[in-house]
Protein chains: 2
Amino acid sequence: MATGRTHRPATRSRGIPEATVARLPLYLRALTALSERSVPTVSSEELAAAAGVNSAKLRKDFSYLGSYGTRGVGYDVEYLVYQISRELGLTQDWPVVIVGIGNLGAALANYGGFASRGFRVAALIDADPSMAGKPVAGIPVQHTDDLEAIIEENGVSIGVIATPAGAAQQVCDRLVAAGVTSILNFAPTVLSVPEGVDVRKVDLSIELQILAFHEQRKAGEEAPGEGGADTTPPAAPPAAAVRRRGEGSEQGPDGDVPAVMPA
Amino acid sequence: MATGRTHRPATRSRGIPEATVARLPLYLRALTALSERSVPTVSSEELAAAAGVNSAKLRKDFSYLGSYGTRGVGYDVEYLVYQISRELGLTQDWPVVIVGIGNLGAALANYGGFASRGFRVAALIDADPSMAGKPVAGIPVQHTDDLEAIIEENGVSIGVIATPAGAAQQVCDRLVAAGVTSILNFAPTVLSVPEGVDVRKVDLSIELQILAFHEQRKAGEEAPGEGGADTTPPAAPPAAAVRRRGEGSEQGPDGDVPAVMPA
DNA sequence: CCGTCTTTGTGCACACGTTCACAAAGACAT
DNA sequence: ATGTCTTTGTGAACGTGTGCACAAAGACGG
């Protein structure tokens, strides 16, 4: 099939660690706020606090970009805003298409955060013919049939998928075939893309499930005991796999979950 | 100011690595699909492909939960669905409130993925009095004044913030004070919360900026040369900090950006 | 009951990310 | 000029995450 990679292989693009890249927008936001208040310089300590990170981490992050600070003083806010913007590629214009103009797609189209930083909604695309022409956020919705033409005409390289899960892969394939090389996916599916195409996903459901995990843990630690059964355990495990759980490694006292396996 | 932690300290909750927890929902989704197709068992290889991860990683992830597979056969789909659901705390009901019923809040309220997995939208809350009583996704919007009462009455421990950035911290503080211990933040701000409260953020703007970074890199690698200036460089750096950029390490020729998009 | 064949579970090595702690750079006062 | 004081930039130690590769578990056929 040769479908290609699904996850970016953490390319460590040209020396700047992925983790650092992911934090740059955070710093940029904090710096922009300072800039608007006409604050001339800021120390790593202050900026780190504003961005919600450790100051050593922030300094190391900046060190990957070059040495833009002045010892004993801190960082020049304006200069740093510029350097980070440039590094992130925000000094240029990025036309973006949003595919799938349902509730979410419309919300995204209306989101102000787009234009603020070099991103421009070039087109809204939906498969529903009855939506064609209707303006959403001041932009007329176009039909999926014209997807390829729209991508090409506008030189779009970033696509946002806000379709139902079932349509996502197909839309993705068409976007990629038309020349899109970066995709932000809001549909709850794993997208398969060829090498060289970046996919980032935003998944409400996954985030909530992660929160639920931690929430359950908190509850379990506070109120132990509580042998109440939750739901019916499913059938039975295949054969004889109902043992073990820590295999005598770490896990000090016991080796059981807060209140597991009823039957 | 003693405001408290901003980022979860990667607590390694009871032996299950954060990275694993973040993947469990992915596995669960793939397994649910298999279950609906009445597939009885699945190998780590197949399931890994469906979830878009490496099979060794998947096996290691499952090993943290216990030994639920059968060698030579694979994993029992139904059983595994149950085990993961239980581990994630999805066998119980999680009432959730959404604060800020604008475009995004409404889209979230309408999102079907909520109910599907143990999450129930217990209430919609907005600060705009004219919205009060209006039904969104079949649920009447309530006013912010009643936030505390709503949290308490429904035993809500998970809150979703979809307000403008300016209101987010204040809403967050009220949620936490009322007993919420997990927050999913869609507002583009760094939230400050006391210890023991989990915050996860979803930030469209940050995701796009990360994509733009990689996109710029790709463009720069394909079309080198191109000494075109991008935008006006800001004033001048503070003092004498206009040197270096790789400090004679990698980065062969020059030390400037690959060469940005002409126009 | 034994041999073969598939697939799990995991030890190990490596890559990546985070944090500490401190030398060196520079501002600023005297 | 020289000294002091602040704050950066980074070496080094540590922790977390990933992936290979393989022994052992068990299914299944004869």
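Note that the coordinates shown come from a computational prediction; the quantities given were computed from them, not determined experimentally. In what follows, every chain begins at residue 1, and chains take the letters A, B, ... in the order their sequences are listed.
- Residue pairs meeting the ring-ring contact (aromatic ring centres under 6.0 Å, His included) criterion with at least one partner in residues 35-55 of chain A, sequence neighbours excluded, do not occur; the list is empty.
- Relative to the axis of its first five pairs, the axis of the last five pairs of the helix from C:dC1-D:dG30 to C:dT30-D:dA1 sits at 10°, rounded to 10 degrees.
- The line from CG of A:Leu88 to NE2 of B:His214 is 10.0 Å long, rounded to the nearest 0.5 Å.
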In residues 202-213 of chain B, what donor-acceptor pairs under 3.5 Å come from side-chain atoms, sequence neighbours left out?
{"unit_1": "B:Asp203", "atom_1": "OD1", "unit_2": "A:Arg29", "atom_2": "NH2", "d": "3.2"}
{"unit_1": "B:Asp203", "atom_1": "OD1", "unit_2": "B:Ser205", "atom_2": "N", "d": "3.1"}
{"unit_1": "B:Asp203", "atom_1": "OD1", "unit_2": "B:Ile206", "atom_2": "N", "d": "3.2"}
{"unit_1": "B:Asp203", "atom_1": "OD2", "unit_2": "A:Arg29", "atom_2": "NH1", "d": "2.8"}
{"unit_1": "B:Asp203", "atom_1": "OD2", "unit_2": "A:Arg29", "atom_2": "NH2", "d": "2.9"}
{"unit_1": "B:Ser205", "atom_1": "OG", "unit_2": "B:Gln209", "atom_2": "NE2", "d": "2.9"}
{"unit_1": "B:Glu207", "atom_1": "OE1", "unit_2": "A:Arg200", "atom_2": "NE", "d": "2.4"}
{"unit_1": "B:Glu207", "atom_1": "OE1", "unit_2": "A:Arg200", "atom_2": "NH2", "d": "3.2"}
{"unit_1": "B:Gln209", "atom_1": "NE2", "unit_2": "B:Ser205", "atom_2": "O", "d": "3.4"}

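- We find that CG of A:Asp76 is positioned 13 Å from P of D:dT8, with the value rounded to whole Å.
- Annotation: of the two residues near DNA chain C, A:Gly72 and A:Asp61, the 5′-most nearest-nucleotide partner is A:Asp61.
- Rounding to whole angstrom units, CD1 of residue B:Ile16 and C1' of D:dT16 are separated by 16 Å.
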Write out a two-atom table: protein N or O, nucleotide N or O from nucleotides 28-30 of chain D, distance below 3.5 Å.
none

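- For A:Glu46, the side-chain hydrogen bond (donor to acceptor under 3.5 Å, both in side chains) partners are A:Ser43, not counting sequence neighbours.
- Rounded to an integer number of Å, the gap from CD of A:Glu45 to C1' of C:dA21 is 14 Å.
- For A:Ala50, the side-chain contact (heavy atoms from CB on, under 4.5 Å) partners are A:Ala30, not counting sequence neighbours.
- The side chain of B:Ser43 lies closest to C:dT8 when the candidates are C:dT8, C:dT18, D:dG17.
- The side-chain contact (heavy atoms from CB on, under 4.5 Å) test applied to A:Asn54 returns A:Ala56, A:Lys57, not counting sequence neighbours.
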Please tabulate, one pair per line, each protein N/O and nucleotide N/O from nucleotides 19-22 of chain D that are separated by under 3.5 Å, including the distance.
{"unit_1": "D:dG19", "atom_1": "OP2", "unit_2": "B:Lys57", "atom_2": "NZ", "d": "3.2"}
{"unit_1": "D:dG19", "atom_1": "O6", "unit_2": "B:Lys60", "atom_2": "NZ", "d": "2.7"}
{"unit_1": "D:dA21", "atom_1": "N6", "unit_2": "B:Arg59", "atom_2": "NH2", "d": "3.4"}

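- Atoms CG (A:Leu58) and P (D:dT8) sit 9 Å apart, rounded to a whole Å.
- For C:dG9, the OP1/OP2 oxygens have a side-chain nitrogen or oxygen of B:Tyr75 closer than 4.0 Å.
- In terms of the side-chain hydrogen bond (donor to acceptor under 3.5 Å, both in side chains) criterion, residue partners of A:Thr181 (sequence neighbours excluded) are, by chain and number, B:Glu215.
- Partners of B:Thr20 by side-chain hydrogen bond (donor to acceptor under 3.5 Å, both in side chains), not counting sequence neighbours, listed by chain and number: B:Asp61.
- Residue A:Leu47 contributes atom CG, which lies 13 Å from atom C1' of D:dT8 at whole-angstrom precision.
- The shortest distance between the side-chain N/O atoms of B:Ser44 and the OP1/OP2 oxygens of C:dT8 is below 4.0 Å.
- Taking only side-chain atoms of B:Glu18, from C-beta outward, the nucleotide of C:dA27, D:dG17, C:dG17 with the closest atom is D:dG17.
- Annotation: the span from B:Ile183 atom CD1 to B:Asp198 atom CG amounts to 9.5 Å, rounded to 0.5 Å.
- Evaluation of the side-chain hydrogen bond (donor to acceptor under 3.5 Å, both in side chains) rule for B:Gln169 yields B:Asp173 as partners, not counting sequence neighbours.
- Evaluation of the ring-ring contact (aromatic ring centres under 6.0 Å, His included) test over residues 21-58 of chain B, restricted to residues two or more places apart or in two chains, returns B:Tyr27-B:Phe62.
- No donor-acceptor contact under 3.5 Å links the side chain of A:Arg71 to the base of D:dT7.
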